[in-house]
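Protein chains get the first letters and strands the later ones, always in sequence-line order, with residue 1 at the start of each. Computed over heavy atoms, backbone and side chain alike; hydrogens, waters and symmetry mates excluded.
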Number of protein chains: 2
Amino acid sequence: MTVSRALNNPKIVRAETVNKVMEAVRATGYIPNMLAGGLASRRSKLIAVVVPQINNNMFVDTIQAISDELAARGYHMLLCVAGDTNESEAEIVATLLSRRPDGIVLTGIHHTPELKRLLLNATIPIVEIWDLTPTPLDMLVGFSHESIGNAIGHYLLGKGHSRFGLVWTEDARAGLRKKGIYDVIQKQQGSHAREAIVPWPATLALGRQGLSDLLANGEDFDAIICSSDTLAQGVMIEAAARGLAVPKTLAVMGFGDLDFAAHCTPSITTVRVDRWKIGTDAAAMLAEKIEGKSVPSPIVDIGFSLIERESA
Amino acid sequence: MTVSRALNNPKIVRAETVNKVMEAVRATGYIPNMLAGGLASRRSKLIAVVVPQINNNMFVDTIQAISDELAARGYHMLLCVAGDTNESEAEIVATLLSRRPDGIVLTGIHHTPELKRLLLNATIPIVEIWDLTPTPLDMLVGFSHESIGNAIGHYLLGKGHSRFGLVWTEDARAGLRKKGIYDVIQKQQGSHAREAIVPWPATLALGRQGLSDLLANGEDFDAIICSSDTLAQGVMIEAAARGLAVPKTLAVMGFGDLDFAAHCTPSITTVRVDRWKIGTDAAAMLAEKIEGKSVPSPIVDIGFSLIERESA
DNA sequence: TTGTAAGCGTTATCAG
DNA sequence: CTGATAACGCTTACAA
């Protein structure tokens, strides 16, 4: 017991005793066993993070930020890939719970009813990220995809565009942004939109393909809206190959403000969200709540900004 | 005990009993406690993965592959960021060991002596990745950065280049590739090289900056070699801004074969390594060894291929 | 400031 | 095929 105290809370142990313990630790190569510690204390110092995908330009910065913030606070991160369906997420979280994490980060706000029950039953702090709702399971850090869609719609209508093509992936959150766009442009007389749906995750090749598909029927577009900057860049590459001037003939709009968006030629008009802040805030809120501090605002809308550049 | 068996190895329990157990599990909302299980069985079903950085175009595909392979085999992944110094890695792995992972994936082959001792003492399976050595701590999946450097050097000399500029980050593995390049080009009469060192991780802006720095002294180059495709793209953007024709005036060479490399204009000549295979193999080898199967070849060189495109 | 006893929720082992 | 018992290595709660 004295060793346990010397290691975890040396202040309450006589300095001389602490030294003796440390010496013994060195001499024997002792490594604490957090499985045993977690079992006894019911605190695992483990945070489970569930994302649809790791190698994704969007989530990866958030994951990095979570990891950094957690490490600084003495937690480890259990990272799980859930794919893009609620069912796979539910299955994965169920097994995750057997690790007795002190908290969970979930991507998105849509979960199966069973998962919700499971999670609320477990009574551990939860942060949902990358989306927005007034009724999260527990806490939330994100932004409104519909608002972003609205902003994109207004922006492009304001520029006088009316013949829209969407190059879009079908993941849950992209769907919300699309809805936001349609809500705005369908109110505008004479505007219309066509879609090229591409698989998720997005690549440049899929962007090129998307534009090709849109143009295949001989239809005419004045603005292409993409569900990510990667697709937008692909669209611009295809446009260049076809001799379509961007933005003169064809405006192109992205989402994400990835590194290359500012440096492409033409640079990509897009929507920026602070992906790092999502992670930092989520981790911090979780840690605070775990440690019994009150979290004043459990719902954080980090907002977004539309970045006007050359492509639209 | 019967419950434990019914859950973990139902075959050895009477079907009727298994059903009774499952029913009770459902009725009570029972969730197993793997902390207790791991403590008792000395198997945590946990793999620790240590990378210098998560939000890195190179490692992220490997991490995804590790995660996928581990999930398929019933393991969870503890993901830790170690930065680019051996000291921070040692510190992080030391705390990681207290989770009693069944195996560890380490990025790189250079570790502090204390860490090596710690790891060998722990006698758990280890895979080092993203580098090559005949003497890994345990197992290894990677490739030779020096060989890649050699290949780049030979390729560019073969194209008749002799005035080299390097836009380079200073991480450990990039340093090896640089050495490989110098070993080749310094043997060539009349060739010379200058370097622009940029911080890690690489961005397009740093690539642009790198080329600007190289050109600042009025020196003349016929080939720019970059430690990553991202830098190469940045260099090409800067070259375009300065009216330097790529590859006519200036050849540009990257590393990684990231998605955009094939789609840039001009497309980027680069070196491809199978980042996914590194992860899949590493996870598979670890799992096999943990489960007592023999791993016939503990050192896997996944090789590389130089992809000739337009930029060089 | 340090020590004692009990227990955290599993699994290994052996017995039936 | 099922059950009893004793760990696993720590922390809580209380005592000294």
Residue-level proximity of residues 2-12 of chain A to DNA chain D when a heavy atom falls under 4.0 Å = A/S4, A/N8
Is the shortest side-chain N to carboxylate O distance from A/R73 to A/E288 below 4.0 Å?
-> yes
For B/Y75, the option from B/L46, B/L70, B/L286, B/I66 that meets side chain to side chain contact (heavy atoms under 4.5 Å, CB included) | B/L70
d(CE, A/M1; P, D/dC10) in whole Å | 11 Å
Rounded to the Å, how far apart are B/R14 CZ and D/dG3 C1'?
-> 13 Å
For B/R100 and D/dC10, give me the distance from atom CZ to atom P, rounded to whole Å.
-> 7 Å
Taking atom types as modelled, is there a side-chain donor on B/D68 or B/Q64 under 3.5 Å from an acceptor on the other?
-> yes
Could you list by number each residue of residues 17-35 of chain A showing a heavy-atom separation from DNA chain C of less than 4.0 Å, or answer none if no residue does?
-> A/T17
Output yes when at least one side-chain N/O atom of A/R42 is less than 4.0 Å from OP1 or OP2 of C/dG9, else no.
-> yes
Flag side-chain contact, heavy atom, 4.5 Å: B/L79 against A/I54 = no
Hey, are the side chains of B/T230 and A/D259 touching, using non-hydrogen atoms and a 4.5 Å cut-off?
-> yes
Checking side chain to side chain contact (heavy atoms under 4.5 Å, CB included) against B/L137, which of B/L119, B/I104, B/I109, B/V127 comes through?
-> B/L119
Would you please name every residue forming a side chain to side chain donor-acceptor pair (under 3.5 Å) with B/S98, sequence neighbours left out?
-> none
